[in-house]
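For reference, the structure discussed in these notes is given below.
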Amino acid sequence: MTTKPELTRRRLLAAALAAGVAAPFATGRGWAAAPGGPARLTLPRPTGPHDVGTVDLRLAGAPGGRDLMAGVWYPAAADARRHPVAPWMPAAPMRALLADNGFDPGVAAAPLTAGRTGAAVLRTTDRRPVVLFSHGAGGHRSETTIVVQELASHGYAVVTVDSADSYNELTVPADDLPVTPWDHAHDVRFVLDRIEDIDAGRNPDAGRRPLPAGLGDALDLRRVGMFGWSKGATATALVMNQDRRVRAGLSFDGPMQSQPPVEGLDRPFMLMTAEFGRAAEPSVEEFWSRLRGWRLNVQADGARHGAYCDHQWLIPQLATLTGMSAEDRADWIGTLDPARAVQIQQVYPLAFFDQHLRHRRQRLLDGPSRAFPELRFIP
């Protein structure tokens, strides 16, 4: 794998909060006090016309014989708001995440998402395209929630997958855990099989907790896409190498390094690059040269490795609270404005999947846009 350091969730928090190790968090811009508890980070709202529902799945029998956590996000029915709001990350792994970085585990609360836990699925005459997500090294399935809930608000069912090296309800990853992009790929294919179980009317949850009403009738497994960040982006290409159920793939700054190597593809693939651009990383350029289907490479000026993830929005909130210097802040999130990064995250993945899963041409993908001057098209 690459020798270039990745911005894992653990490392991101350690760096972003280093300036405030001994200081408590305080309420400030972008934060709200949780009732009777610590301050809470916030996420931007999705822009689509639908409310969002979500459900967690505990899936037994994953590769290696372990249990695996996944989440399903989807357009929700009109009464969704009577259901509880889902947190960005459950309380136990959030506490572990903070503790791993030398902080009081009760010092901050995870953001609340737009997802309503267990809400019924919005019923329509058409089934929903399905998009899978694989996280980065030592990350978790929540790290691209901005993108996930945006897609769900526009009518997609999005399935987020925790691999063995993730922070979740079941485990906290060790720094030296040998998990490769192939491991992520095997996990995603296992989860896709379980989504087929849901489509067939079966409940794969290990605890047999009830599924949201209408979920089994809402999934269109003829229209499946996938995206991932970093290691998860490499896994996206590996899944597509082996599994033709996945018809379109999107990489958030993936290094595209694995053994055996990533091969070429004959289906649509889009690269949103930053530190692992084709000029900087030979494996990405080699992967690009082997693509035989529709392909596109865009790159945001000033972007760092986490530019297309929630990191770009959350780290500045932490920086403000901890008094981080401008230099340290830029070291972790670059110079790409967080609000602009959110707009890019909300618009470009949706356009990609709309074009290749819904077959709706997106002029935004044809070339540079005046609305996004910081996003360059790399020929």
Straight-line distance of [X] [atom1] to [Y] [atom2], nearest 0.5 Å:
X: Asp337; Y: Ile344; atom1: CG; atom2: CD1; result: 9.5 Å
X: Glu143; Y: Trp88; atom1: CD; atom2: CH2; result: 8.0 Å
X: Met256; Y: Asp253; atom1: CE; atom2: CG; result: 9.5 Å
X: Gln362; Y: Asp354; atom1: CD; atom2: CG; result: 5.0 Å
X: Ile333; Y: Cys309; atom1: CD1; atom2: SG; result: 13.0 Å
X: Leu250; Y: Met226; atom1: CG; atom2: CE; result: 10.5 Å

What pair of heavy atoms forms the shortest contact from [X] to [Y], and how long is it?
X: Val246; Y: Gly225; value: CG1-C, 4.0 Å
X: Ala152; Y: Val52; value: CB-CG1, 3.9 Å
X: Pro75; Y: Tyr156; value: CD-O, 3.4 Å
X: Glu150; Y: Ser153; value: O-OG, 2.8 Å
X: Leu357; Y: Val224; value: CD2-O, 3.7 Å
X: Thr117; Y: Ala86; value: OG1-CB, 3.5 Å

Whether [X] side chain and [Y] backbone form a donor-acceptor pair below 3.5 Å:
X: Ser325; Y: Asp328; value: yes
X: Ser142; Y: Thr145; value: no
X: Gln312; Y: Leu336; value: yes
X: Thr54; Y: Trp73; value: no
X: Glu275; Y: Arg304; value: no
X: Arg40; Y: Ala110; value: yes
X: Arg247; Y: Arg222; value: yes
X: Trp313; Y: Thr42; value: yes
X: Ser163; Y: Asp165; value: no
X: Gln345; Y: Ala307; value: yes

Other residues, nucleotides and ligands only: do more than 12 of their heavy atoms fall within 6.0 Å of [atom1] on [X]?
X: Arg267; atom1: CZ; value: yes
X: Arg376; atom1: CZ; value: yes
X: Arg209; atom1: CZ; value: yes

Could you tell me if the side chain of [Y] sits less than 4.5 Å from the side chain of [X], heavy atoms only?
X: Arg358; Y: Pro129; value: yes
X: Phe190; Y: Pro63; value: yes
X: Leu238; Y: Ser258; value: yes
X: Val191; Y: Leu68; value: yes
X: Phe372; Y: Val298; value: no
X: Ile195; Y: Ile198; value: yes
X: Met69; Y: Leu57; value: no
X: Leu132; Y: Arg245; value: no

* Keeping to residues at least two apart or across chains, list the ring-ring contact (aromatic ring centres under 6.0 Å, His included) pairs with something in residues 278-301. => Phe269-Phe287, Trp294-Phe352, Trp294-His356

Salt-bridge present ([X], [Y]; N to O < 4.0 Å):
X: Glu263; Y: Arg290; result: no
X: Arg208; Y: Asp205; result: no
X: Asp220; Y: Arg127; result: no
X: Asp51; Y: Arg116; result: no
X: Arg141; Y: Asp56; result: yes
X: Lys231; Y: Asp183; result: no

* Is Met240 reachable from Leu221 through a run of hydrophobic residues whose side-chain heavy atoms are each under 4.5 Å from the next? -> yes

* State yes or no: do Leu122 and Val130 share one hydrophobic cluster built from I, L, V, M, F, W and Y residues joined by side-chain heavy-atom distances below 4.5 Å, directly or via other members? => no

* Asked: Run the side chain to side chain contact (heavy atoms under 4.5 Å, CB included) check on Asn168 and His140 step by step: do they pass?
  -> CA-CA 7 Å; Asn168 59 52; His140 51 88; 5.9 Å; no

* Of all residues at least two apart in sequence or in a different chain, which pass the salt bridge (charged side-chain N to carboxylate O under 4.0 Å, His left out) check with Asp187? -> Arg66

Residues [X] and [Y]: side-chain donor-acceptor under 3.5 angstrom:
X: Ser134; Y: His184; answer: yes
X: His154; Y: Thr47; answer: yes
X: Gln355; Y: Arg361; answer: no
X: Asp126; Y: Thr124; answer: no

* To do: Could you pull out all residues at least two apart from Phe133 that satisfy ring pair (Phe, Tyr, Trp, His ring centres under 6.0 Å)?
  => Phe227

* Stepwise, does the side chain to side chain contact (heavy atoms under 4.5 Å, CB included) test hold for Val131 with Val159? -> CA-CA 6 Å; Val131 176; Val159 183; over 6 Å; no

* **Residues Met270, Arg295; criterion side chain to side chain contact (heavy atoms under 4.5 Å, CB included); working and verdict** => CA-CA 6 Å; Met270 179 173 172; Arg295 65 180 187 174; over 6 Å; no

* To do: May I have the step-by-step check of salt bridge (charged side-chain N to carboxylate O under 4.0 Å, His left out) for Arg292 and Asp266, ending in yes or no?
  => CA-CA 5 Å; Arg292 296 294 177 260; Asp266 60 358; over 6 Å; no

* Verify side chain to side chain donor-acceptor pair (under 3.5 Å) between Gln257 and Thr234, making sure each step is shown before the conclusion. => CA-CA 7 Å; Gln257 295 180 357; Thr234 305; over 6 Å; no

* Aromatic centroids of Trp229 and His305 separated by under 6.0 Å -> yes

* Asked: Are Gln299 and Thr273 close enough, and set up right, to give a side chain to side chain donor-acceptor pair (under 3.5 Å), and what steps lead you there?
  -> CA-CA 5 Å; Gln299 182 159 326; Thr273 51; 2.6 Å; yes

* Parallel, tilted or perpendicular for Phe377 and Tyr348, by the 30°/60° rule? -> perpendicular

